[in-house]
Amino acid sequence: MKKYFLFYILTLLSFCMYAHEISGIIVDQNRAPIQGVGVYNKTTGSFTYSNFSGYFKLNNVDVSNKIMFTFLGFKSKEIEIEEHQLNSRIEITLIEDVVALDQVVLVSKLNILSQLVNVDVKANPVKSSQEILRKVPGLIIGQHAGGGKAEQIFLRGFDIDHGTDIAINVDGLPVNMVSHAHGQGYADMHFIIPETIENIDFGKGAYYADKGNFNTAGYVHLRTKSQIEENQISLEAGMFGTIRAVGLLKLTESDHHNAYIASELALSDGPFIAPQNFNRINILGRYNFNNHKDQEFTLSLSHFQSKWDASGQVPQRAIDQGIIGRFGAIDATEGGNTSRTNFWVNHSKQINKQSKLTSKAFVSKYDFELFSNFTFFLEDPVNADQIRQKENRVLMGFETKYENFFDLKDHGSELKYETGIGFRYDDVNDVQLSRTKNRKELLERLAYGNVDELNGYGFINLNYIKNKWTINPGLRIDYFKFDYENLLSETYDNKSETKAFLGPKLNIIYAASPKIQLFAKTGIGYHSNDTRVVVANNGEEILPAAYSFDLGGIFKLSKRFVVNASLWNLNLDQEFVYVGDAGIVEPSGKTKRYGLDFGLRYQLTDWLYANADMNYTHARSSEEPKGKDYIPLSPDLTSSGGLSFRNVGNFSGGINYRFIKDRPANEDNSIIAKGYFISDLNLNYSVKNWTLGLIIENLFDSEWNETQFATESRLQNEINSFEEIHFTPGTPFFIKGKIIVSF
């Protein structure tokens with residue numbers, strides 16, 4: 001009987017130990033609610049964030065606890081809880097301020113590093129939508145087709161090509177294209193107007209249950225502005241016939257309704273002897289409704305189109321022999337055109353104080369055509385080896401996610417879970433790889449067909465928060481149906497395969513103090529193969545798994561000095577990819593990668609900010625003998641960083657660098673892709689509502705190769721073929737002027 005009585009008393013005490021709470025709304029000086037404000041209890045380590053109505057609720061609070069309110073671009077605020085504030089509703093007003101490192105608190109939250117990188121973004125805004133990728137520590141990009149083709153991406157020892165191992169989206173709209181005519185995962189970000197980018201969220205590794213296909217090396221999620229603060233017109237002009245004009249215009253503005261339109265026109269000939277004749281047009285229209293209570297709705301419509309000529313990758317021997325200069329071309333008829341029209345909807349509904357429903361839907365119409373010549377006269381000594389890759393597609397999808405959290409009777413803990421379901425469907429017609437001559441004459445179709453690819457998925461995420469600890473297990477299931485109709489067959493030829501993938505995740509985060517966060521992450525992700533490969537190989541090894549692990553920490557050595565470091569490992573079951581340029585399948589077997597990421601950010605003064613990231617990777621094939629196990633083009637050492645200043649009189653600006661070390665271009669390291677160190681400079685002078693700017697790319701006029709490949713080719717006057725480095729030369733010293741007026 002005494003045992004039962006003791007159990008009853010202990011249970012009662014555990015209920016009595018349940019701490020108080022505070023709740024309320026967070027607004028700016030104009031009394032507009034602020035979403036995403038961090039609310040942190042310095043005494044217990046518990047934390048939460050305000051929703052789109054500015055509402056927050058924080059548990060495990062008692063008298064004399066010190067609560068911090070932090071958000072980028074606002075002065076941090078700290079209050080000490082008084083008894084009358086417990087279990088009551090309060091209002092917090094934040095004052096706008098310049099973005100600074102002391103506005104980031106190291107709570108036990110997943111991917112807090114994204115907040116630190118957003119300080120980089122705000123301190124030194126990007127000049128192009130592709131440059132935003134360079135803000136991701138360790139990520140390197142390169143262009144090799146006249147500015148209109150998607151960039152080549154390198155991250156964590158992966159030559160990601162155009163997107164095979166990184167999942168990219170903007171406002172929930174997928175950027176990666178599955179079963180693309182040029183390459184699997186093709187991620188063309190040129191439809192994003194950089195002036196509309198609000199912030200960037202990213203994560204490395206396969207640790208995120210709500211991220212699916214291509215999330216092996218990592219993911220990047222861009223969020224664009226739901227509304228603009230003021231109208232803006234800007235004009236850039238510079239060397240190589242470069243002109244860029246941007247306009248942002250408010251259409252309507254009220255307490256609950258906002259709409260704006262943004263447009264971009266870009267023209268350039270580039271530094272090449274054969275002009276690029278590059279042009280790009282972008283337009284975005286957006287409507288946002290927020291009742292600042294329980295509902296937000298955003299409707300977006302955009303259109304993008306681009307056309308260009310390209311000099312392609314040139315062989316080193318042609319330059320050494322004086323046949324062409326560095327900016328010359330073997331086949332000046334390369335180039336292409338592409339367009340994308342998007343319509344997408346985002347909706348959030350706060351059901352009650354504990355639960356929320358978030359949904360998105362999208363549809364895109366996409367067209368692509370690319371002419372390339374990588375081997376010159378290797379295959380056809382008469383007509384040359386030009387190829388044409390073309391497709392037109394409709395992409396559509398939907399996702400809905402339900403979030404709920406509830407307080408546990410355990411002192412200082414809560415459980416939050418989110419679960420979601422969705423689908424993506426790609427209807428790709430007339431996907432082709434053909435041999436052509438001078439873009440005009442069709443010589444031979446090598447591949448021609450229709451692709452239908454469906455990906456249905458579901459996921460669940462659990463977040464158990466106990467003071468300074470967060471334990472985040474997750475599980476994701478994906479189902480694929482691959483369907484390919486071969487139009488080259490004389491009779492009807494349609495094949496299909498199905499496959500499912502189960503990916504568990506686990507993240508453990510410990511915030512020892514507001515200045516220290518430690519983490520351990522592990523998970524299994526995957527990347528899908530091209531539908532044409534899937535059906536050709538009867539569905540074998542079509543969703544190879546990636547097993548990844550991270551161990552590290554973030555350390556705030558002072559209010560304005562932050563260091564991050566992590567050790568990581570990633571093993572891939574099969575690098576089995578479709579090589580769209582050659583129309584062949586290349587299974588590369590199992591691979592293993594491990595490395596070290598290190599970064600620092602230092603707010604030297606209110607006006608001076610520095611950042612640097614260094615990334616080392618060891619990448620090898622697991623099934624090849626030593627010495628022949630290099631992974632071509634895998635970077636082993638990269639670094640990027642910069643120094644920026646603002647509010648120095650009327651001046652602001654910065655200098656940035658990016659570095660990549662020499663790396664193997666083939667499996668036995670006998671051909672080397674040369675590294676480079678490039679610096680860029682920007683300087684702005686603002687007076688009233690006018691800003692004058694100066695942008696210099698490649699400040700020191702370094703001679704560098706932006707993209708490089710070990711390729712076997714033959715020139716028209718050669719009897720034998722040669723394998724060596726073929727490259728796209730990097731931009732030389734390039735200066736542009738800029739003028740901006742806001743009203």
Side-chain angles (χ1 to χ4, degrees), residues 23-39 48-58 69 71-74 89 91-94 96 109 114-115 118 169-174 192-193 196-201 210 221-230 248 250-262 284-302 342-363 397-405 416-422 461:
S23 63
I25 188 171
I26 305 172
V27 297
D28 62 17
Q29 294 160 277
N30 298 318
R31 295 194 55 76
I34 310 176
Q35 180 180 357
V37 177
V39 184
T48 190
Y49 291 88
S50 60
N51 64 19
F52 55 79
S53 64
Y55 174 81
F56 74 93
K57 187 180 80 166
L58 183 66
F69 300 85
F71 189 66
L72 288 183
F74 288 82
R89 190 180 178 94
E91 182 174 304
I92 300 296
T93 301
L94 297 184
E96 286 192 49
K109 178 181 182 291
S114 288
Q115 292 188 28
N118 277 306
N169 74 79
V170 53
D171 298 322
L173 176 70
I192 305 167
I193 302 173
T196 65
I197 295 173
E198 180 70 24
N199 61 36
I200 177 173
D201 173 42
D210 59 338
H221 170 72
L222 300 180
R223 186 165 69 88
T224 55
K225 298 175 180 178
S226 58
Q227 61 187 74
I228 58 175
E229 295 182 2
E230 53 189 2
L248 283 80
K250 296 180 183 179
L251 299 180
T252 183
E253 184 178 35
S254 65
D255 289 342
H256 301 298
H257 303 269
N258 289 276
Y260 72 88
I261 189 168
L284 165 70
R286 171 158 295 167
Y287 167 77
N288 176 261
F289 166 78
N290 189 336
N291 64 5
H292 302 312
K293 181 181 178 183
D294 61 359
Q295 193 162 198
E296 183 176 28
F297 173 80
T298 303
L299 179 67
S300 306
L301 177 64
S302 72
N342 307 295
F343 175 76
W344 71 106
V345 177
N346 298 86
H347 179 253
S348 295
K349 172 68 175 179
Q350 197 74 37
I351 300 172
N352 53 46
K353 293 180 179 179
Q354 282 76 36
S355 58
K356 176 182 175 183
L357 189 66
T358 305
S359 301
K360 67 177 183 181
F362 55 85
V363 60
F398 173 81
E399 179 185 290
T400 187
K401 180 174 66 176
Y402 175 73
E403 302 174 52
N404 195 8
F405 78 90
K416 177 182 178 181
Y417 72 88
E418 61 179 21
T419 182
I421 58 171
N461 251 324

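Fair warning: this is a prediction, and the values are worked out from it, not measured in the lab.
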Trainee: Measure the spacing between CD of Gln35 and CD1 of Ile26 and express it to the nearest 0.5 Å.
Mentor: 11.0 Å
Trainee: Under a 4.5 Å cut-off applied to non-hydrogen side-chain atoms, are Gln354 and Lys57 in contact?
Mentor: yes
Trainee: Sequence neighbours excluded, which residues qualify as ring pair (Phe, Tyr, Trp, His ring centres under 6.0 Å) partners of His256?
Mentor: His292
Trainee: Report the residues that fulfil salt bridge (Lys or Arg N to Asp or Glu O under 4.0 Å) with Glu96, sequence neighbours left out, ordered by chain and then residue number.
Mentor: none
Trainee: Would you sort out whether Arg286 and Asp171 count as a salt bridge (charged side-chain N to carboxylate O under 4.0 Å, His left out), showing the intermediate values?
Mentor: CA-CA 12 Å; Arg286 171 158 295 167; Asp171 298 322; 3.1 Å; yes
Trainee: Rounded to the nearest 0.5 Å, how far apart are OG1 of Thr252 and NZ of Lys250?
Mentor: 10.5 Å
Trainee: With sequence neighbours excluded, tell me which residues meet side chain to side chain contact (heavy atoms under 4.5 Å, CB included) with Thr358.
Mentor: Ser348, Lys356, Glu403
Trainee: Apply side chain to side chain contact (heavy atoms under 4.5 Å, CB included) to Asn30 and list each qualifying residue two or more places apart in sequence or on a separate chain.
Mentor: Asp28
Trainee: Should Ile192 and Ile197 be marked as a side-chain contact (heavy atoms from CB on, under 4.5 Å) after you check the CA-CA gap, both sets of side-chain angles, and the distance that decides it?
Mentor: CA-CA 8 Å; Ile192 305 167; Ile197 295 173; 4.0 Å; yes
Trainee: Once side-chain hydrogen bond (donor to acceptor under 3.5 Å, both in side chains) is applied, do any residues pair with Gln115, and if so which ones, sequence neighbours excluded?
Mentor: none
Trainee: Would you give the length of the straight line joining atom NZ of Lys349 to atom CG of Asp294, rounded to the nearest 0.5 angstrom?
Mentor: 3.5 Å
Trainee: How about Glu229: does its CD atom have over 12 heavy atoms from other parts shown lying under 6.0 Å from it?
Mentor: no
Trainee: Tell me whether Asp201 is salt-bridged to Arg223, with the criterion being a basic N under 4.0 Å from an acidic carboxylate O.
Mentor: no
Trainee: With sequence neighbours left out, what residues match Ser53 under side-chain hydrogen bond (donor to acceptor under 3.5 Å, both in side chains)?
Mentor: Asn51
Trainee: For Lys416, look at atom NZ and say whether over 12 heavy atoms of other residues, nucleotides or ligands are found less than 6.0 Å away.
Mentor: no
Trainee: Could you tell me which residues satisfy ring pair (Phe, Tyr, Trp, His ring centres under 6.0 Å) with Tyr402, sequence neighbours excluded, listed by chain and number?
Mentor: none
Trainee: Listed by chain and number, what are the ring pair (Phe, Tyr, Trp, His ring centres under 6.0 Å) partners of Phe74, not counting sequence neighbours?
Mentor: Phe71
Trainee: Mind checking what makes ring pair (Phe, Tyr, Trp, His ring centres under 6.0 Å) contact with Phe69, not counting sequence neighbours?
Mentor: Phe56
Trainee: side-chain hydrogen bond (donor to acceptor under 3.5 Å, both in side chains) for Glu418 and Asn461? Distances and angles first, verdict last.
Mentor: CA-CA 5 Å; Glu418 61 179 21; Asn461 251 324; 3.2 Å; yes
Trainee: First locate atom CG of Asn199, then atom CG of Leu222, and finally report the distance between them rounded to the nearest 0.5 Å.
Mentor: 8.5 Å
Trainee: Check this for me: Ile421, atom CD1, are more than 12 non-hydrogen atoms of other residues, nucleotides or ligands nearer than 6.0 Å?
Mentor: no
Trainee: Looking only at side chains, do Ser359 and Thr400 share a donor and an acceptor under 3.5 Å apart?
Mentor: yes
Trainee: Might you work through the side-chain contact (heavy atoms from CB on, under 4.5 Å) test for Asn404 and Tyr417, ending with a clear yes or no?
Mentor: CA-CA 6 Å; Asn404 195 8; Tyr417 72 88; 3.7 Å; yes
Trainee: How far does CD of Gln227 sit from CG of Asn288, to the nearest 0.5 angstrom?
Mentor: 6.5 Å
Trainee: Rounded to the nearest 0.5 Å, what separates atom CG in Leu173 from atom OG1 in Thr224?
Mentor: 9.5 Å
Trainee: For Tyr260 and Glu253, what are the C-alpha separation, side-chain angles and deciding distance, and is it a side-chain contact (heavy atoms from CB on, under 4.5 Å)?
Mentor: CA-CA 9 Å; Tyr260 72 88; Glu253 184 178 35; over 6 Å; no
Trainee: Step by step, would you call Trp344 with Ser302 a side-chain contact (heavy atoms from CB on, under 4.5 Å)?
Mentor: CA-CA 9 Å; Trp344 71 106; Ser302 72; 3.6 Å; yes
Trainee: I'd like to check the side chain to side chain contact (heavy atoms under 4.5 Å, CB included) partners of Lys293; sequence neighbours left out, ordered by chain and number.
Mentor: Asn291
Trainee: What are the two closest non-hydrogen atoms of Ser50 and Val37, and how far apart are they?
Mentor: OG-N, 2.9 Å
Trainee: Tell me every residue that passes side chain to side chain contact (heavy atoms under 4.5 Å, CB included) with Leu251, counting only those two or more places apart in sequence or in another chain.
Mentor: Ala259, Ile261
Trainee: Does Lys353 have any side-chain hydrogen bond (donor to acceptor under 3.5 Å, both in side chains) partners at least two apart in sequence or in another chain, and if so, which?
Mentor: none
Trainee: Which atom names give the shortest non-hydrogen contact between Phe52 and Gln350, and what distance separates them?
Mentor: CZ-N, 3.9 Å
Trainee: Test your reading of the model: is there a side-chain donor-acceptor pair from Gln29 to the backbone of Thr93, 3.5 Å cut-off?
Mentor: no
